Number of protein chains: 2
Amino acid sequence: MKKRVTLKQIARELEVSVSTVSKALKNSEEISRDTKDKIQAFAKLYNYRPNNIALSLKNKNTKNIGVIIPDIVHHFFTTVFRGIEQYAGKKGYNVMICVSDESFEKEVLNMELLANGSVDGFILSLSAETQERNDYNHIKEVLGQGIPVVLFDRVSKDVLCDKVILNDQEIAYEAVKVMIGSGKTKIALVTTENYFNVSSNRAQGFEKAIRDANLAFDENLILTLPYQSEGDELIRDFFESNTIDAVLCVNEIFAIKCMDVVQRQGKRVPEDISFIGFTNGILSKYSTPRLSTVAQHGERMGETAAKLLIDRIENDVDDNFRTEVISGTLIQRDSTIN
Amino acid sequence: MKKRVTLKQIARELEVSVSTVSKALKNSEEISRDTKDKIQAFAKLYNYRPNNIALSLKNKNTKNIGVIIPDIVHHFFTTVFRGIEQYAGKKGYNVMICVSDESFEKEVLNMELLANGSVDGFILSLSAETQERNDYNHIKEVLGQGIPVVLFDRVSKDVLCDKVILNDQEIAYEAVKVMIGSGKTKIALVTTENYFNVSSNRAQGFEKAIRDANLAFDENLILTLPYQSEGDELIRDFFESNTIDAVLCVNEIFAIKCMDVVQRQGKRVPEDISFIGFTNGILSKYSTPRLSTVAQHGERMGETAAKLLIDRIENDVDDNFRTEVISGTLIQRDSTIN
DNA sequence: TTGTAAGCGTTATCAC
DNA sequence: GTGATAACGCTTACAA
């Protein structure tokens, strides 16, 4: 087991000073051809690699970025992560990832942990609990220390930093308009609690589309499901006790579940009821019928977030924070009439 | 923007020495109550936190573990990752994650990057290309430097280290036996290239089950699909030109695709053809019909891998490497006859 | 052309 | 009870 070799060892071995070795390995002009050759050869032989930690301490940067997301087993987030990872990798950054599990406490803990020198900046999407409590002190703290943060998807106006979001309201508006265009008039919204900024924005787009089309806006046609729990009962009841011919769902799972319930009740999709979901994930592509959906372009979001962050890390720009808006794309499949 | 405060600053401010501050903050008995109180109060006020990087350099450990997986947008891997993250978090470790994208080169690069002091150990699942080339020098190198590595799922006998795998052969055997038990005799296998150890193991279990039941083993009933590309044509041809009444697929997507093709050809699932897939992912639960599948217990795999790794990091054990075998569970849904 | 020394933030050893 | 010093591995003025 040959441990990693250090400058000091090379220096001792070759009977030169540490700084000579350091310079030689950087091909410095200061050092003679001979010495450089000798040192470089030796270094190559022993496969010398500078120690990242020592470099970080010296340079006061880690070339790491911290990503904190609510859930990793989740198509949208992994997709964003892929975008981050790819861009960061190209720029020579590594990614440390922490999962908040939708918990405020874990989000805070993870941020504090990584903020103690482990990363040069953060990319994060707020946990459900954080959005519910509306407490962003941990983020402000980190920002106050001069560590840049980029928020994506689940963001808050209360935090001043760079952000990447979807045009949730507009694209929800579009989606509903499409369904209205195909003759639907009793349109429902299946959503989560309103403290999710994305849900609330989508709801606004939904309502606006209905009103703009002079359709009756009926509060009863909004089903709020508990985030990440079953709620199958609620769905059944909802579709039994209401007359509905089109549904917008704020995520893919809700859509799949609702389609399932409705089809079991003997209705045809899309003839009797059409569906549009959010998140163009794997489920949408393989459901029966295939689900029309709003693609959120997670990879692009991730890439954009990483770009904003690295920009700020490297160029220590001024305080005019940017918000990049990614345009969703409505992908029509078999759950809507084309 | 108040930067993080350091020991040195506290020392200067309070007119004591750095070492006194350090000790005081560790509540050392050496320091007087008074001094400690003063220093601790000050530290709390300025929210002092020790710098992780400096600690790493000093202690020669980073409390980071590196995870390298072929793909992040993939249910099984994210599931394993969640297990790793949870266990590691509990043990005070952070996780750095790199994606090899099924590329040998990226796998090597990522390992080298992180091996330069950034992590205390690795958990990794081999990329497709690495398995194909059968080149594991990068891993042996890292092991040679005394950095522990745990391989999971996609492993190789050529690397001596701790491993976590599924009982692929046995559970594939089980799955086929179940289909045989329900009267099926023309059983097909849909798989990937054989250099994937998991596919090859599952194929062995498949063959053994067929032979043990005294059924004819027909090479033609094995469809090898290109990993991660379409192959829809191949699937159609395969099911058109062969008489098949049951199918074992080495992953979920293959199963869903095949079910779809077969159903479009007018066959009923499971009456005419039954299906069992691997990876109890989200697709299986929501497909039509719901897919029977082998749960790989990714989370448990991840947790086990993390445990093996951290054990080795902290206890620098001897060279008797362990291989933990996770037992898959056959989950019967509607794509098989119960 | 090479070497010395200071510094990054921390801790541990030893001296006062 | 407190402080100076060295060390972790590396870089970079500055001396020699």
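Everything numeric here is computed off the predicted structure, so don't read it as measured data. So that the names make sense, note that chain A is the first sequence line, chain B the second, and so on, each numbered from 1.
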Worksheet item: Judged by modelled atom types alone, do H138(B) and E112(B) share a side-chain donor-acceptor pair under 3.5 Å?
Response: no
Worksheet item: For dT12(D), does either OP1 or OP2 sit under 4.0 Å from a side-chain N or O belonging to K23(A)?
Response: no
Item to complete: Can you tell me the distance, in whole Å, between the CD1 atom of I31(B) and the P atom of dG3(D)?
Response: 8 Å
Worksheet entry | NZ (K63(A)) with more than 12 external heavy atoms under 6.0 Å | yes
Worksheet item: How close or far is atom P of dC8(D) from atom CG of L55(B), stated in whole angstroms?
Response: 16 Å
Worksheet item: Once you round it to whole Å, what is the distance between P of dA7(D) and CG of L7(A)?
Response: 16 Å
Practice prompt. Examine the side chains of D135(B) and N137(B) and answer whether a donor and an acceptor come within less than 3.5 Å of each other.
Written response: yes
Fill in: Axis deviation across the helix from dT1(C)-dA16(D) to dC16(C)-dG1(D), five-pair ends, to the nearest 10°
70°
Worksheet item: What is the 5' to 3' range of DNA chain C, first to last nucleotide, that sits under 4.0 Å from any heavy atom of chain B?
Response: dC8(C) to dC14(C)
Item to complete: Indicate whether the side chain of R322(A) and that of N320(A) have a donor and an acceptor atom separated by less than 3.5 Å.
Response: no
Item to complete: State whether the distance check finds a donor on one side and an acceptor on the other, under 3.5 Å, for side chain S19(B) versus base dA4(D).
Response: yes
Item to complete: Scan residues 10-23 of chain B for pairs that pass side-chain hydrogen bond (donor to acceptor under 3.5 Å, both in side chains), counting only residues two or more places apart or in two chains.
Response: S17(B)-S19(B), S17(B)-T20(B), K23(B)-E30(B)
Worksheet item: dT11(D) phosphate, OP1 or OP2: any side-chain N/O from S22(A) under 4.0 angstrom?
Response: yes
